[in-house]
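For the numbers below, each heavy atom of this structure counts, side chains included, while hydrogens, waters and symmetry mates do not. Along the sequence shown, the residues carry numbers beginning at 1.
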Amino acid sequence: MGPQFFIKRPRFALVIAILTVFLGLLAMIVMPVDQYPNITAPKVMVRAQYPGASAETVKQAVAAPIEKQVNGAEGMVYMSSKSSSDGTYMLTVTFEIGVDASMAQVDVQNRVNLAL
């Protein structure tokens with residue numbers, strides 16, 4: 001059964017194509033999302049503002065205490081931060097693949113509250 005079979009019978013080829021698309025859509029709807037593997041690491045973002053402060057002041061007064069507390073959170077891989085001259089501070093904490101994102105968020109939130 002080579003390509004000539006389907007070239008000579010275009011209606012049959014069309015029915016097979018429609019059936020394949022229908023089964024693919026059905027599988028996409030029926031298959032639970034929990035069976036898909038986690039391919040991205042969960043991230044938790046912390047944002048703080050210190051109106052009127054320079055980037056250096058935000059780094060010393062806001063970033064240092066928060067980073068000191070958040071460092072060592074369970075399952076944490078790394079964190080990156082950014083202080084800007086308009087007084088905003090952004091911290092992104094990246095966790096290992098497989099760590100529960102909601103538990104990681106609660107852990108980081110508790111640690112940030114300790115820093116406050």
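Residues that satisfy the side-chain contact (heavy atoms from CB on, under 4.5 Å) test with Met28, not counting sequence neighbours, are Leu25. Partners of Arg47 under the side-chain contact (heavy atoms from CB on, under 4.5 Å) rule, at least two apart in sequence or in another chain, are Gln49, Thr88, Met90.
The residue from Val21, Ile16, Leu23 that alone fulfils the side chain to side chain contact (heavy atoms under 4.5 Å, CB included) condition with Leu19 is Leu23.
Applying the salt bridge (charged side-chain N to carboxylate O under 4.0 Å, His left out) definition to pairs two or more places apart or across chains, those involving residues 104-116 are Asp107-Arg111. For residues 51-64, every residue pair satisfying the side-chain hydrogen bond (donor to acceptor under 3.5 Å, both in side chains) rule, not counting sequence neighbours, is listed here: Ser54-Thr57, Glu56-Gln60.
The minimum heavy-atom distance between Ile66 and Ala115, with the atom names listed, is CA-CB, 3.8 Å.
Hydrophobic cluster membership for Ile18: Leu14 (Ile, Leu, Val, Met, Phe, Trp, Tyr linked by side-chain heavy atoms under 4.5 Å, directly or transitively).
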Distance-only criterion, 3.5 Å: show the donor-acceptor pairs between side-chain atoms of residues 91-103 and protein atoms not counting sequence neighbours.
residue: Asp100; atom: OD1; partner: Ser102; partner atom: OG; Å: 3.4
residue: Asp100; atom: OD2; partner: Ser102; partner atom: OG; Å: 3.1

Only distances under 3.5 Å count here; give the side-chain donor-acceptor pairs of residues 67-83 to other protein atoms, sequence neighbours excluded, each with its distance to 0.1 Å.
residue: Glu67; atom: OE2; partner: Ser81; partner atom: OG; Å: 2.6
residue: Glu67; atom: OE2; partner: Tyr89; partner atom: OH; Å: 3.0

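Ring geometry for Phe6 against Phe12 counts as parallel: the plane angle stays under 30°, on a 0 to 90° scale with 60° as the upper cut.
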